[in-house]
Every structure is written in structure tokens, then in C-alpha cells.
Amino acid sequence: MPDRMERRPRIAVIGAGPAGLAAAEAAAEAGAAVTVFDHMASPARKLLMAGRGGLNLTHSEPPERFLARYADTDPRLAEAIRAFPPEAASRWCEGLGQPVFTGSSGRVFPVAMKASPLLRAWLARLGGLGVVVHARHRWSGVRTLAAAGAPASLGDTPGPHEPGVPPQHLALTFDTPDGAVTHRADAAVLALGGASWPRLGSDGAWVAALPGVPVVPFVASNCGVAIAWSDLVRMRFAGQPLKRIALACGGVRVRGEAMVTADGLEGGAVYALSAPIRAALGAAGEAMLTLDLRPDIDAAALAARLDGPRGSRSLANHLRVAGGLPPVAAALLREAPEDGRPLSARVKALPLRVTGLAGLDRAISSAGGVAWDALDSRFMLRAFPGVFSAGEMIAWDAPTGGYLLTACLATGRAAAEGALAWCAALPHPGTAATPQP
Ligand SMILES: Cc1cc2nc3c(=O)[nH]c(=O)nc-3n(C[C@H](O)[C@H](O)[C@H](O)COP(=O)(O)OP(=O)(O)OC[C@H]3O[C@@H](n4cnc5c(N)ncnc54)[C@H](O)[C@@H]3O)c2cc1C
């Protein structure tokens with residue numbers, strides 16, 4: 001048996017979003033010396049943006065229903081979430097001085113709704129644990145060094161290692177405003193995010209720095225859809241909310257809200273249908289959405305209110321007076337061709353033809369990323385021993401509802417545990433063993 005490392009493991013975390021900060025916290029709490037790098041000027045830009053519309057941290061539904069929200073849930077994702085379930089996320093948030101509440105939909109939010117007080121408290125806790133954060137460090141690659149000794153010809157800045165302890169296993173390279181730098185670490189957690197809202201930092205460019213790692217191409221998720229509205233809708237109704245509606249696609253029906261945009265629809269109810277819409281677009285080049293403008297009234301009751309003679313009332317006025325519907329409802333009804341059904345039936349099931357998804361630029365999240373096959377059971381990249389991965393950069397997908405952040409926090413912690421186990425198994429110099437955590 002090789003001797004095991006006796007000094008504090010040095011763990012680099014790259015990406016200061018929720019997954020990276022969760023990894024940093026778990027590793028530092030376990031006693032590791034943790035350094036966090038991000039190429040933006042300050043951490044967690046996307047988390048702060050998420051807080052603008054109300055930070056939906058997690059969801060209160062039962063565990064199995066919660067896990068079923070992740071499309072094709074990999075057992076490793078499920079295991080990470082079972083180890084850090086929604087209640088743990090809530091307790092963690094409260095432990096940072098941010099009490100949470102559960103909304104009528106079961107979604108859990110910090111009372112402050114914003115992300116900034118939570119992030120401030122989180123960074124202070126990390127500082128107290130000795131975590132060092134380097135901004136404006138753009139990670140460009142990693143080399144795996146021999147665990148028992150670094151080759152002399154690397155030309156890197158030597159890692160600070162004391163005599164008698166193993167040189168650090170990884171050489172991580174960064175572009176900074178002061179030029180290229182190399183940082184040595186025993187293990188690294190990459191938490192570089194997906195590819196949506198690239199101006200907030202996660203631009204997906206990391207794919208080029210991980211040659212040999214299978215990556216599922218990024219596609220927009222939790223994003224708006226494109227619908228070819230008439231000029232009337234585009235010019236008069238863009239920005240109008242559709243409140244208390246239901247939308248269905250591919251056998252999935254969700255209740256919620258949406259907003260008419262110049263190019264289509266966006267909002268929670270649309271985002272929740274990302275996966276079936278994407279599937280239909282992939283199969284047929286278009287997807288049909290079914291809009292129920294009055295899901296809270298059954299078909300017979302609505303027929304009694306809407307299908308009688310409307311006299312001299314305009315359609316919009318009739319829908320408003322008899323159906324309690326806003327003017328935008330009449331405009332949308334006029335968009336769909338007459339199909340001979342009574343008005344109430346059209347209000348309950350209005351077909352909308354979706355021609356595409358909004359781009360990654362404005363999508364709440366992306367699907368795609370590091371393929372699960374590229375990772376071992378502890379979130380380590382098989383092609384880069386000692387390098388772990390977490391968060392949205394892994395190819396899982398989930399609707400909004402707190403599932404994204406919960407999975408980021410849970411996989412960040414799981415990757416940190418993998419990295420700690422890897423470090424614990426690193427040999428002393430002079431032993432030829434490859435670590436097998
Ligand atoms: C408008 C909006 C609202 C949202 N609302 C919610 C919500 O209410 N609830 C919810 O659950 N989720 C929400 N999300 C999604 C959630 O914010 C993301 O899923 C989450 O931030 C992903 O966390 P992450 O740590 O994996 O990646 P990110 O938060 O994207 O962090 C990745 C980090 O890596 C850094 N990085 C990338 N490449 C490099 C590199 N080469 N070198 C160094 N650093 C690099 C980036 O700068 C970034 O800081 C929302 C997203 C948006 C855009």
C-alpha cells in the first residue's frame with residue numbers, strides 16, 4: 001500500500017456559480033485548501049440574475065416526484081440530490097441567514113426573493129473557511145502530472161510544495177489581465193456552467209479545453225418559443241401577460257403564466273414544456289401548443305357562458321364580459337384559423353404553431369454539456385484523472401421550479417466529495433501507484 005498524502009489537499013474550483021461555490025464550501029468544510037477561479041470580474045453573475053425575478057431555490061414536492069422532473073435522470077444525479085435534497089437546500093439557505101417560504105405552487109424561495117443577500121453571506125462564509133477567490137482568471141486547460149513527481153520540462157510556475165510531500169497532480173492554466181498563469185492543485189472541480197446567457201459568464205467555450213471529453217451539443221432550455229404572430233399581435237399585444245392559463249404539448253400539460261412577445265411566447269408555463277417542444281421540433285420541424293385560456297372553468301360551464309348569442313358585442317367585449325378574459329385573448333383567438341368549434345371549445349384548447357425555440361442568449365438554462373459517459377461514479381472526468389465536474393455543465397435538463405439550482409448545489413457537493421476522496425488516495429512521492437479513490 002502506498003503512503004497516503006498527509007498535508008491538506010489543495011483543491012481548485014473553476015467557475016464561481018452556485019455549483020462551484022457549493023463545491024468550494026463542501027471541500028473547505030472538510031479541511032481542504034480551496035482556491036476558486038472565475039473569468040468574470042465577480043462571482044455568480046447568473047445566480048444574481050436568477051434572483052431578479054424571484055430566486056426559486058428549490059421545490060417542496062415529494063422526493064420521487066422531485067427527481068422525476070429531471071429528464072432521463074441519471075442515477076448519479078439522483079444520488080447527489082438524495083444526499084443534498086430540497087430540505088437540505090432550504091436549511092442551507094436559512095443557515096446563511098436567509099429564511100425561506102413555500103409558495104402556493106410548492107416552490108421554495110428565500111423571503112428576500114433576491115440572490116444578493118444570500119450570495120453575500122455565502123461568500124463571507126467561504127472567506128471564513130479560508131477559500132480564496134480569484135476573479136478575471138479564464139481557465140484554458142489542464143495537464144495531469146505524474147502523481148509521483150512533476151517532469152522538470154513543464155516550464156510552468158512551480159507549485160508550492162514542501163519537501164517530502166507529493167507535487168500537486170494537476171497544472172491548470174489561466175488567462176488573466178496580467179498574462180497566462182499556472183496553478184497547481186491535487187484535484188480540480190470544474191463548474192463552468194452551460195451556455196445560456198453567455199454574457200453572464202457561462203459561454204460554453206470550455207468545451208475546447210477538454211479534448212477527448214464527450215460533450216452533448218448545447219441547446220436552449222427553459223426558453224421562449226417562436227410563433228409567427230400577425231402584425232396586430234406583434235405590435236399591440238407584445239408584453240401582455242397571459243395569467244392563470246394552461247399549456248400542453250406532447251401529452252404534457254402545465255398550468256401557470258406566460259407572456260406574449262413580439263416573436264412568440266415566454267414565461268414559466270412555456271419553459272416547463274421545453275423538453276416536449278424540443279422533441280416535437282426535432283421530429284417534425286414544428287410543435288403544436290394547446291393553450292387553455294380558462295383552465296379554472298370546466299368546458300360545460302364555459303360553454304354556458306360563451307356559446308350563446310353575443311348580440312352586438314364585439315368578440316373582445318363578449319370574452320371580457322362573459323368569459324372574464326382580457327383583450328389579448330380575443331387577439332390570440334383570431335390568430336388561429338376558424339375550425340368550426342364553438343367559442344368555448346376554442347378558448348379551452350387554442351392551437352398555437354411553434355416554429356422554433358428562442359436562442360441560447362436568453363434561455364434560462366441549456367441542455368447538453370459533459371456526457372454522463374464521460375464521468376465516473378464520483379463525477380470525475382474519465383479522460384482527466386483528478387478533474388471533477390458539477391452543475392449545469394453536465395448534460396442534464398430540468399424545468400424551472402427550483403430544480404436547476406438544487407441540482408447545481410447537489411452536484412457541486414458531490415463533485416467536492418469525489419475530489420476529497422481522490423486527494424485522500426494520492427500517494428507520497430516515490431510510490432508508483434495511481435490513485436484509485
Ligand atoms: C434569468 C434567469 C433566471 C433563473 N432563475 C432560476 C431560478 O429561479 N431557479 C433556478 O433553480 N434556476 C434559475 N436559473 C438557472 C440557474 O441560475 C443556473 O442553472 C445556475 O446558475 C447554474 O449554475 P452553475 O454553477 O452550474 O453555472 P453558472 O451559474 O453558469 O456558473 C458558471 C461560472 O463559470 C464561469 N466560467 C465559465 N467558463 C469559464 C472559464 N473558462 N474560466 C473561468 N470561469 C469560467 C462563469 O463566469 C460562471 O461564473 C435562472 C437562470 C437565468 C438566466
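All ligand and atom numbering here is 1-based and tracks the order in the structure.
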Under 4.0 Å from any heavy atom of M40, which atoms of ligand 1 are there? 47 (O)
Should D186 and R8 count as an ion pair when the cut-off is N to O under 4.0 Å? no
Pair S60-T102, side-chain donor/acceptor within less than 3.5 Å: no
If the cut-off is 4.0 Å to any non-hydrogen atom of G54, which atoms of ligand 1 fall inside it? 8 (O)
Can you list the atoms of ligand 1 that are under 4.0 Å from a heavy atom of G15? 33 (C), 34 (O), 35 (C)
Using heavy atoms and a threshold below 4.0 Å, how should the contact between A191 and ligand 1 be classified: side chain, backbone, both, or neither? backbone
Any S365 heavy atom less than 4.0 Å to ligand 1: no
Do any heavy atoms of G402 fall under 4.0 Å from ligand 1? yes
Considering only heavy atoms, does W197 approach ligand 1 within less than 4.0 Å through its side chain, its backbone, both, or neither? side chain
Can you list the ligand 1 atoms lying under 4.0 Å from a non-hydrogen atom of A19? 25 (O), 26 (O)
Applying a heavy-atom cut-off of 4.0 Å, say which part of H137 lies close to ligand 1: side chain, backbone, both or neither. backbone
What I want to check is whether the side chains of S202 and E392 have a donor and an acceptor closer together than 3.5 Å. no
Before signing off on this row, confirm whether T406 and ligand 1 have an N or O atom pair separated by under 3.5 Å. no
